[in-house]
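Input: a single structure, listed below in C-alpha cells.
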Amino acid sequence: MAPHAEADVASLNGNGHHGSNGVSNGSSSREVFTVNSPNVTYTDLEIRSKYTYRTTSVNRNADGKYVATPRETVYDFKVDRKVPKVGAMLVGWGGNNGSTVTAGIIANRRGLTWETREGPRSANYYGSVIMGSTMKLGTDSKTLMDVNIPFHDVLPMVHPNDLVIGGWDISSLNLAAAMDRAAVLEPTLKAHVRKEMAEMVPMPSIYYPDFIAANQEDRADNLIPGSKASMEHVERIRKDIRDFKAAHSLDKVIVQWTANTERYADILPGVNDTAENLLKAIAEGHEEVSPSTVFAVACILEGSPFINGSPQNTFVPGAIELSEQHGTFIGGDDFKSGQTKMKSALVDFLISAGIKLTSIASYNHLGNNDGKNLSSQKQFRSKEISKSNVVDDMVEANSVLYAPGEHPDHTVVIKYMPAVGDNKRALDEYYAEIFMGGHQTISIFNVCEDSLLASPLIIDLVLVTEMMTRIKWKAQSSAEATKEDFKSFHSVLSILSYMLKAPLTPPGTPVINALAKQRGALTNIFRACVGLEPESDMTLEHKLF
Ligand SMILES: NC(=O)c1ccc[n+]([C@@H]2O[C@H](COP(=O)([O-])OP(=O)(O)OC[C@H]3O[C@@H](n4cnc5c(N)ncnc54)[C@H](O)[C@@H]3O)[C@@H](O)[C@H]2O)c1
Ligand SMILES: O=P([O-])([O-])O[C@@H]1[C@@H](O)[C@H](O)[C@@H](O)[C@H](O)[C@@H]1O
C-alpha cells in the first residue's frame with residue numbers, strides 16, 4: 001500500500017453487526033424500532049420529530065420563597081438517516097491509545113478470536129457506551145416489563161467497524177511497531193492484525209518541544225519542519241485531511257487528539273483571546289500557540305470536528321470563538337477512562353445519598369509513555385486540573401451538606417513506574433461524615449488497563465460527534481418556525497461529557513460532571529430526536545393500579 005496508507009477498513013467489513021445498522025458507506029441503516037406517533041415522520045432520507053421539552057422555571061419572590069412554573073418549548077428535530085463513510089484521524093496515532101483502538105477495530109471488523117492464558121477471547125466493544133450498553137425503549141404493552149435496546153440502535157449511527165482510521169504522529173513507527181511498543185495487546189491478537197497494522201504509517205506532525213515533556217524528544221523523528229505555530233502548519237494539516245478524505249472517498253472526517261498531554265498555554269489578550277487574534281498569532285509564529293491548538297484551528301477551518309482527548313487547554317477562547325464562527329464542532333477535554341470515571345459516579349452516589357464527603361485522595365502510578373510524559377511537572381499540572389475539578393458541580397448542588405465555598409479536600413498524585421506499563425494502579429480513599437458524628441472510609445484499589453479503557457471512548461467520541469453532524473433543530477416558538485432553516489447544535493459539544501473528565505461547554509453554560517446526569521443527557525437528547533420522552537424511572541405503571 002502507498003506510504004502513509006491507512007487501511008480502508010470499510011472494504012474489509014465482513015463482520016456482521018447486531019443487525020440494526022447494516023453496512024454504512026452512505027446506505028441508510030435498518031432501524032430496530034419505529035416510533036408510532038403523529039409527532040414523528042420517516043422518509044428515506046430523514047426522521048422528523050416534534051418534541052415538547054418540559055422544564056421548570058424558578059423565581060424567588062419577595063419573601064424568599066421559590067415559585068416553580070412548568071414550561072414547555074416545542075422543538076422540531078431533523079435527523080439525516082444516511083449513514084456516511086467516516087474517517088477517524090488520530091493525532092498521536094502511534095501511541096498506546098491510537099495503536100490499541102486501531103487494532104481493536106480491525107479485530108472487531110474481522111470477528112477475530114485469539115488464544116490467551118485464560119482460554120480463547122473474541123473481539124468486542126466492551127467499555128463503549130454506544131456499542132456495549134443499552135437504553136430502555138419503553139415497557140412491553142402486555143407484560144409492562146422494560147424493553148431495552150442497544151444504545152447504538154436509537155439513531156442511525158455509524159458502526160465502528162466501518163471507520164477508516166488514519167492520523168499523525170511525531171514518531172515514525174508504523175502501527176505494528178507502535179502496537180509492540182505499547183505492549184497492551186496479547187501477542188496472539190497482535191499476530192492476527194500485524195500485517196494490516198504494518199501498512200499503516202502515521203503522517204508527520206508538528207512538534208513544538210516546549211509543550212510536552214523533554215523526555216519525549218527521543219521519539220520525535222517524524223516531523224513537519226518548524227518548531228512553532230505557522231499558517232503553513234495549519235494549511236499542511238488541512239491538506240492532510242483533504243487528501244485522506246479523497247484517498248478513501250470519505251463523506252466526512254472526525255479528528256481526535258490522543259497525543260501527549262501538553263502544558264497549559266497562557267491566555268494572552270491580543271494573542272489567543274479572540275479568533276482574529278489567534279489566527280494572527282499563528283501567522284506571526286507566536287510561541288504560546290500549542291500544537292493541539294494549531295490542529296484545532298486547522299480542523300475548524302477545514303470543517304472537520306476536533307475532539308481533545310487530553311487535559312491541556314487546547315480550546316483557548318480564540319479557538320472556541322473560531323468554532324462558533326465556522327459552525328465546526330469541537331469537544332473535550334481529557335478522556336475519562338478509569339479513576340475519574342469511578343470518582344464521578346462514587347461522589348454522585350455519596351453526596352446524593354446525603355453523605356458528607358470530606359476528603360478524596362486520588363493516587364495512581366503507571367508505566368506507559370503517557371505516564372513518562374506526565375512525570376514532567378508542567379504536563380502533570382494539566383492532568384491534575386482535569387482530575388480535580390470533577391466533583392465541583394455535585395458539591396455546589398448540595399447546600400444542605402456544604403456551605404457556600406465549602407468542598408472536600410482533594411488531592412491527585414500520579415507517579416511514573418515503568419514496571420507496570422499500561423496497567424495503571426489507582427488507589428483512592430474517600431472519607432465522609434455520616435450520621436451523628438460517624439465516619440465512612442471507602443478505599444479502592446483499581447487496576448486500569450488504561451489504553452483498553454480509553455480506546456472505546458475514542459470510538460464513542462467519533463460516533464456521537466458524527467451523529468451530531470446529522471441532527472438539526474429549530475424552535476417552534478421562534479419566528480423562523482415557518483422557515484426550513486434548521487440549525488446545528490452549538491459548536492461546543494457538551495453532549496460528549498460522559499466520555500470526558502473536564503467537559504467543554506458553550507461559553508457561560510454550567511459544567512455537569514455527575515456521571516448519571518451526563519449519560520442521561522446523551523440518552524435523552526438522542527431519544528428526543530425520534531420524538532421519545534426522556535427515560536423515566538417513575539414506572540407509575542407498576543405503582544398505580
Ligand atoms: N486511559 C488513558 O489512556 C487516557 C485517559 C485519559 C487521557 N489520556 C490521554 O490521552 C493521550 C494519549 O495517551 P496514550 O496512553 O496513548 O499516550 P502515548 O504517549 O502512548 O501516545 C501519545 C502519542 O502522541 C505522539 N505525539 C506527541 N506529540 C505529538 C504531536 N504534536 N503530534 C502528533 N503526535 C504526537 C507521541 O509520539 C505518542 O505516540 C495522553 O495525553 C493521555 O493523557 C489517556
Ligand atoms: O481517566 P483516569 O483514569 O481518571 O485518568 C488517567 C490517569 O489516572 C492517568 O494517570 C493518566 O496517565 C491517564 O492519562 C488518565 O488521565
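Atoms within each ligand, like the ligands themselves, are counted from 1 in listed order. From a predicted model like this one, the values you see are computed outputs, not experimental measurements.
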(request) Inspect the contact between Lys85 and Asp251 and indicate whether a charged nitrogen and a carboxylate oxygen are less than 4.0 angstrom apart. (result) no

(message) Which of the numbered atoms in ligand 1 are under 4.0 angstrom from any heavy atom belonging to Ser205?
(response) 30 (C), 32 (N), 33 (C)

(message) Could you check whether Lys415 makes a cation-pi contact with Tyr363, meaning its NZ or CZ is under 6.0 Å from the centre of the six-membered ring and within 45° of the ring axis?
(response) no

(request) State yes or no: are the ring centers of His365 and Tyr416 separated by less than 6.0 Å? (result) no

(request) To the nearest 0.5 angstrom, please state how far the CG atom of Asn369 sits from the CG atom of Asn97. (result) 11.0 Å

(message) Test your reading of the model: is there a side-chain donor-acceptor pair from Asp221 to the backbone of Ser172, 3.5 Å cut-off?
(response) yes

(message) Just to confirm my output: which protein heavy-atom neighbour is closest to atom 12 (C) of ligand 1, and how far is it?
(response) Thr258 O, 3.0 Å

(request) May I ask you to identify, for Lys501, whether its side chain, its backbone, both or neither come under 4.0 Å of ligand 1 on a heavy-atom basis? (result) side chain

(request) Answer yes or no: does an N/O atom from Asn96 fall short of 3.5 Å to an N/O atom of ligand 1? (result) yes

(request) With heavy atoms only and a cut-off of under 4.0 Å, state how Leu366 meets ligand 2: side chain, backbone, both or neither. (result) side chain

(request) Look at the side chain of Gln379 and the backbone N and O of Leu374, then say whether any donor-acceptor pair between them is shorter than 3.5 Å. (result) no

(request) Heavy-atom contacts with Ala454 under 4.0 Å: which atoms of ligand 1 show up? List them by number with element. (result) 1 (N), 2 (C), 3 (O)

(message) For the backbone of Pro456 and the side chain of Ser128, can you confirm whether one donor and one acceptor N or O come within less than 3.5 Å of each other?
(response) no

(request) List the closest protein heavy-atom neighbour of atom 27 (C) of ligand 1: residue, atom name, distance to the nearest 0.1 Å. (result) Asn260 OD1, 3.0 Å

(request) Have a look at ligand 2 and work out which part of Asp450, if any, has a heavy atom under 4.0 Å from it: side chain, backbone, both or neither. (result) side chain

(request) Indicate the ring-plane relationship of Tyr208 and His233, choosing parallel, tilted or perpendicular according to the 30° and 60° boundaries. (result) parallel

(request) Can you sort out which atoms of ligand 1 are near Val91, meaning under 4.0 Å from one of its heavy atoms? (result) 32 (N), 33 (C)

(request) Report the nearest protein non-hydrogen atom to atom 5 (C) of ligand 1: residue, atom name, distance rounded to 0.1 Å. (result) Ser337 OG, 3.4 Å

(message) Side chain or backbone, does Pro311 bring an N or O within less than 3.5 Å of an N or O on ligand 1?
(response) no

(message) Give me the nearest non-hydrogen protein atom to atom 41 (O) of ligand 1 as residue plus atom name, then the distance to 0.1 Å.
(response) Ser310 OG, 2.6 Å

(message) So if I count the atoms of ligand 1 from 1 in the order they appear, which ones are less than 4.0 Å from some heavy atom of Gly94?
(response) 39 (O)

(request) May I ask which of Asn369, Asp370, Ile212, Ile224 has a heavy atom nearer to atom 17 (O) of ligand 1 than the others do? (result) Asp370

(request) Could you check which of Leu453, Thr340, Asn369, Asn260 puts a non-hydrogen atom nearest to atom 4 (O) of ligand 2? (result) Thr340

(request) Answer yes or no: does an N/O atom from Lys387 fall short of 3.5 Å to an N/O atom of ligand 2? (result) yes

(request) Could you tell me the residue and atom name of the protein heavy atom closest to atom 3 (O) of ligand 1, and the distance to it rounded to 0.1 Å? (result) Asn97 OD1, 3.2 Å

(request) With atom 11 (C) of ligand 2 as the reference point, say which of Asp422, Asp370, Ile414 has the nearest heavy atom. (result) Asp370

(message) Among all protein heavy atoms in this structure, tell me which lies nearest to atom 8 (O) of ligand 2, with the distance rounded to 0.1 Å.
(response) Asn364 ND2, 2.8 Å

(request) Give the residue, atom name and distance (to 0.1 Å) of the protein heavy atom nearest atom 37 (O) of ligand 1. (result) Asp169 OD1, 2.6 Å

(message) For atom 31 (N) of ligand 1, what is the closest protein heavy atom, and at what distance to 0.1 Å?
(response) Ile206 O, 2.8 Å

(message) Residue-level breakdown please: for Thr261 versus ligand 2, do any non-hydrogen atoms fall below 4.0 Å on the side chain, on the backbone, on both, or on neither?
(response) neither

(request) Determine whether the side chain, the backbone, both or neither of Lys383 has a heavy atom under 4.0 Å from any heavy atom of ligand 1. (result) side chain

(request) Using distance alone, decide if ligand 2 has a nitrogen or oxygen within less than 3.5 Å of any nitrogen or oxygen in Gly338. (result) yes

(message) Starting from atom 40 (C) of ligand 1, what is the nearest protein heavy atom, named by residue and atom, and what distance separates them?
(response) Ala259 O, 3.3 Å

(request) Using a strict cut-off of 4.0 Å, indicate which atoms of ligand 1 neighbour a heavy atom of Gly92. (result) 23 (C), 24 (O), 25 (C), 33 (C), 34 (N)

(request) Record the part of Lys424 in heavy-atom contact with ligand 2 below 4.0 Å; permitted values are side chain, backbone, both and neither. (result) side chain

(request) Report the part of Lys501 (side chain from C-beta onward, or backbone N, CA, C, O) that has a heavy atom under 4.0 Å from ligand 2; answer both or neither where that applies. (result) side chain

(message) I'd like to check whether Asp422 has a polar contact with ligand 1, where a contact means an N/O of the residue lying under 3.5 Å from an N/O of the ligand.
(response) no

(message) If the cut-off is 4.0 Å to any non-hydrogen atom of Phe335, which atoms of ligand 1 fall inside it?
(response) 5 (C), 6 (C), 7 (C), 8 (N), 10 (O)

(request) Considering only non-hydrogen protein atoms, determine which one is nearest to atom 1 (O) of ligand 2 and report residue, atom name and distance to 0.1 Å. (result) Ser337 OG, 2.8 Å

(request) Examine Trp257 against ligand 1 and note whether any of their N/O atoms are separated by less than 3.5 Å. (result) no

